[in-house]
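Scroll down for the structure; my scribbles are underneath it.
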Amino acid sequence: MLDHSGYKIGVVIAVSVLVFIPILYYNNDFLDRRTIFFTTESDEVYNESKYLVATPKCKIPNLDPFEAEILKFYKPMKYISCSKRDFLTHVTKNDNIATIHINTNAVPSQLREHISCCMASITRSKNKEKPDDSIRISACKDFTDNTTLTHDFIMVKCIDLKTKKQIYENTHAAITQTKQIKAKITSMNTSATSPFSVLFVGIDSISRLNFIRALPQTYQYLEENAWIPLRGYNKMGDNTFPNVMAIMTGFNESKTYRVCNPSSLGQMDKCPMMWFDYQKLNYVTGYAEDEAPISTFNYKKKGFTKPPTDYYFRPYMLGSERLKAVRRDGMAYCTGPETAGERVLNIAKDFSESFKDVASFSFFWTNTFSHNDLNLPSGMDRKIRDFLEDIAAKGVLDNTIIFFLSDHGIRFGEIRYTHTGWLEERLPFIYISVPDRFKRQFPSEFRNLETKRDHLTTPYDIYMTLQHILVLSGLNYTQKPSDGCPKCASLFAQTESERSCEDAAIEPHWCTCGGYNPVPKTNQTVQNAAKFVVGQIEERIRARNGASKCAKFSVGRIITARVSERFSYKSDVYFLVVMETRPRAVFEATVLWKGEAQFELTGGISRLDKYAEHSRCVEEAYLKMFCYCR
Ligand SMILES: *[C@@H]1O[C@H](CO)[C@@H](O)[C@H](O)[C@H]1NC(C)=O
Ligand SMILES: *[C@@H]1O[C@H](CO)[C@@H](O)[C@H](O)[C@H]1NC(C)=O
Ligand SMILES: *[C@@H]1O[C@H](CO)[C@@H](O)[C@H](O)[C@H]1NC(C)=O
Ligand SMILES: *[C@@H]1O[C@H](CO)[C@@H](O)[C@H](O)[C@H]1NC(C)=O
Ligand SMILES: *[C@@H]1O[C@H](CO)[C@@H](O)[C@H](O)[C@H]1NC(C)=O
Ligand SMILES: *[C@@H]1O[C@H](CO)[C@@H](O)[C@H](O)[C@H]1NC(C)=O
């Protein structure tokens with residue numbers, strides 16, 4: 001349970017500290033910034049507590065998670081349960097046989113005698129057009145007390161025989177082993193290698209700073225147990241798909257769309273993703289994600305025609321979403337009596353414990369309690385910490401390299417109009433756990449990872465690391481460079497700390513290295529940059545034939561303006577502008593200043609307000625981002 005009074009005290013202290021510190025801090029800060037601006041490289045030794053990454057090529061500010069401008073968005077929440085009662089059914093597993101049990105103690109005693117339950121299987125149905133969105137739920141068969149599961153995914157319903165009313169429904173997922181899986185495990189066990197497993201646990205849209213704010217118990221657990229954070233982990237693309245695909249394929253977004261085009265049915269099945277490489281080398285693979293409509297490989301995409309992993313939980317999640325849902329912030333937070341997020345965590349726990357002594361690669365991702373809200377994750381803090389403690393207690397960490405991470409921070413809403421919000425969107429949290437066996441076997445590789453804590457890092461580095469793990473596991477695997485970032489290297493490799501966003505293949509708009517300092521909004525160059533951006537938006541609308549439907553924008557007001565510092569390794573100067581337009585939309589752009597009123601847009605433009613309502617007149621996701629319907 002969250003201790004609310006504790007939070008209040010924490011906030012009061014944080015506020016009072018913030019009231020006094022900034023006065024001193026900003027004066028010093030101003031002097032420091034001026035000196036940095038004019039100094040040569042050799043003098044550029046920075047105060048560590050001021051920067052997460054501080055090298056002559058990259059300066060990422062170390063902002064306080066409880067920065068004054070952020071506190072008004074910070075409202076910790078309690079856990080919101082989806083069921084007042086204990087679950088009426090649960091599944092146990094013994095000797096590879098899964099059994100469902102009715103727990104009559106979960107209902108009032110007068111009901112116990114006349115409950116009737118039935119079980120149906122949930123399977124992927126063979127649908128040619130929508131193979132990844134279609135499931136079949138079989139006829140529901142009555143059972144009493146307990147019965148053996150016929151399939152791993154089931155739906156259960158119970159009625160009160162007297163009133164004939166349904167009193168309970170739920171879904172369950174069991175992890176049993178087929179002959180093929182058993183054969184895979186045996187072949188791996190008899191080979192002479194001792195492979196390391198890989199486990200990804202992702203929570204969508206959580207910045208490093210929001211992680212510290214919203215998940216304090218989890219944060220404390222990771223810090224106390226020496227998980228390794230990458231504090232300068234900078235996203236490489238806007239939303240989940242490009243960032244996950246950079247991890248899985250090493251491709252940038254345009255290459256991903258070219259090779260793995262997710263809007264073309266069957267293309268993702270042929271996509272060279274790392275989990276396929278692991279699978280080919282006899283790792284047992286698994287993948288689960290909640291909120292099926294917006295899942296990483298399915299949001300406005302076709303997904304997979306064949307299950308991409310040995311254990312593929314999408315049919316189970318789709319089945320769970322057919323239960324009575326309670327939506328929060330636009331997501332199916334409750335799926336029947338369980339939160340969708342905990343369903344994923346439970347699967348991750350079951351999978352990683354079931355296969356803790358076997359080579360496995362698994363990917364688990366949650367959206368429902370974090371995608372659209374800064375504070376909802378705080379209710380899950382205890383659950384997430386419990387999950388990590390549980391898998392640690394069961395020995396999962398002994399053989400598994402765990403990546404606990406997010407893809408980016410919150411991308412929309414008022415927090416994004418702040419400087420902290422700018423940084424948070426681009427710097428997701430990531431922690432890595434490495435088995436003691438690895439540390440003993442590969443001490444220098446482990447030390448290399450430790451140095452990455454304060455380096456600029458990217459999803460492409462994870463891609464390189466995943467390949468490296470196969471090699472360090474003693475498997476016959478040839479590493480290749482990341483196509484999207486040829487200079488990127490495994491986190492276990494020794495690399496120079498001096499690294500620029502260009503080296504890491506992070507385009508200027510997403511790069512947090514620039515040390516951006518405020519410029520007056522009235523500055524003529526800022527005004528010109530804003531006009532230039534509006535022109536660019538017009539051009540994008542015109543290029544997609546949207547001009548007849550979408551209104552013409554003009555610059556309204558500049559919300560913030562910043563200019564990049566001069567780094568000795570390059571001469572480019574970038575302006576970062578957040579502006580409101582007429583009609584009212586909020587955009588953020590990073591433009592290269594080429595002198596006078598000359599600019600160049602080198603990457604994306606972000607739309608910061610919630611625009612669903614004003615962009616209904618157009619279909620395409622890309623055009624929606626720029627459109628305000630006439
Ligand atoms: C760095 O800055 C912080 C606060 O701005 C200060 O407390 C600390 O003493 C400084 N450290 C060094 C080594 O100058
Ligand atoms: C299933 O229920 C029966 C009683 O109906 C009991 O004897 C049996 O032990 C139960 N099986 C399991 C696996 O719990
Ligand atoms: C792997 O092999 C060892 C002995 O060679 C055996 O003790 C162990 O149970 C096997 N593990 C699995 C998961 O098959
Ligand atoms: C390693 O794999 C390559 C290609 O997959 C194969 O040609 C080679 O024989 C393998 N080497 C060993 C030692 O198994
Ligand atoms: C993406 O990668 C390809 C190489 O496959 C490269 O040619 C292209 O310039 C990259 N795109 C961006 C936007 O960096
Ligand atoms: C606007 O800001 C830029 C960057 O700080 C500066 O170089 C320029 O001189 C400013 N322009 C005016 C007119 O003050």
Side-chain angles (χ1 to χ4, degrees), residues 30 33-34 36-38 89-105 112-113 115-117 119 142-149 172 174 176 234-238 242-243 245-246 249-261 271-272 458-460 463 480-488 500-511 514-532 558 560-567 571-577 590-605:
F30 180 70
R33 279 187 176 148
R34 270 211 327 202
I36 286 163
F37 203 94
F38 295 108
T89 53
H90 71 279
V91 167
T92 58
K93 196 170 57 181
N94 199 353
D95 210 7
N96 203 32
I97 294 169
T99 307
I100 182 167
H101 306 261
I102 300 172
N103 169 24
T104 47
N105 290 333
R112 278 176 208 161
E113 297 304 310
I115 295 173
S116 170
C117 296
M119 177 180 82
D142 287 344
F143 69 99
T144 46
D145 294 336
N146 61 54
T147 189
T148 302
L149 265 65
H172 296 286
T176 59
N234 199 126
K235 73 171 186 173
M236 52 60 69
D238 188 30
N243 287 294
M245 289 307 272
T249 65
F251 294 159
N252 64 22
E253 192 164 4
S254 52
K255 177 91 172 188
T256 293
Y257 273 86
R258 219 163 38 245
V259 179
C260 307
N261 188 1
C271 180
T458 78
Y460 299 116
Y463 169 73
K480 51 189 176 303
S482 154
D483 182 273
C485 179
K487 285 190 189 170
C488 284
S500 66
C501 279
E502 290 82 358
D503 296 333
I506 302 163
E507 60 181 53
H509 186 53
W510 305 128
C511 176
Y516 286 94
N517 294 314
V519 207
K521 297 167 194 171
T522 51
N523 177 304
Q524 194 53 49
T525 314
V526 169
Q527 297 287 331
N528 291 340
K531 281 194 201 112
F532 168 77
I558 311 274
T560 59
R562 291 181 175 260
V563 66
S564 65
E565 282 178 19
R566 271 174 226 277
F567 287 87
S571 56
D572 297 350
V573 175
Y574 288 92
F575 278 85
L576 172 67
V577 180
T590 311
V591 295
L592 175 63
W593 186 31
K594 303 172 87 178
E596 303 294 324
Q598 299 265 307
F599 301 95
E600 191 184 317
L601 199 61
T602 50
I605 297 175

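The first residue of the sequence shown is numbered 1, and numbering continues consecutively from there. Just so you know, ligand 1 is whichever comes first in the structure, and atom 1 is the first atom listed for that ligand.
Residue Glu507 comes nearest to Gly603 through the heavy atom pair OE2-CA, 3.3 Å, listed as atom of the first residue, atom of the second, then distance. Residues Thr525 and Glu596 come closest through the heavy atom pair CG2-O, 4.4 Å.
In this structure, Ser254 is part of the shell of residues with a heavy atom less than 4.0 angstrom from ligand 5.
Residue Tyr257 holds its OH atom at 12.0 Å from CG of Asn252, rounded to the nearest 0.5 Å.
Residue Val519 approaches ligand 6 through these ligand atoms, each under 4.0 Å from one of its heavy atoms: 2 (O), 5 (O).
Between the Lys235 side chain and the Asp238 main chain, a donor and an acceptor come within less than 3.5 Å of each other. The closest donor-acceptor contact from the side chain of Asn146 to the backbone of Thr99 lies at 3.5 Å or more, if one exists at all.
Compare Asn94, Ile100, Asp145, Asn146 by their heavy atoms: the one nearest to atom 2 (O) of ligand 2 is in Asn146.
When only non-hydrogen protein atoms are considered, atom 14 (O) of ligand 2 lies nearest to His101 CE1, 3.2 Å. Protein heavy atom at the shortest distance from atom 3 (C) of ligand 5 is Asn252 ND2, 3.6 Å. Regarding atom 4 (C) of ligand 6, its nearest protein heavy-atom neighbour is Phe575 CZ, 3.9 Å. Here the protein heavy atom with the shortest distance to atom 6 (C) of ligand 6 is Asn523 ND2, 4.1 Å.
Under the 30°/60° scheme for interplanar angles, the aromatic rings of His90 and His101 are found to lie parallel.
The nearest protein heavy atom to atom 11 (N) of ligand 5 is closer than 4.0 Å.
Polar contact check, Gln524 against ligand 6: no nitrogen or oxygen pair lies under 3.5 Å apart. In terms of polar-atom proximity, Asp483 is counted as a contact of ligand 5, with an N or O under 3.5 Å from an N or O of the ligand.
Checking Gln527 against Asn523 by side-chain atom types alone, no donor-acceptor pair falls below 3.5 Å.
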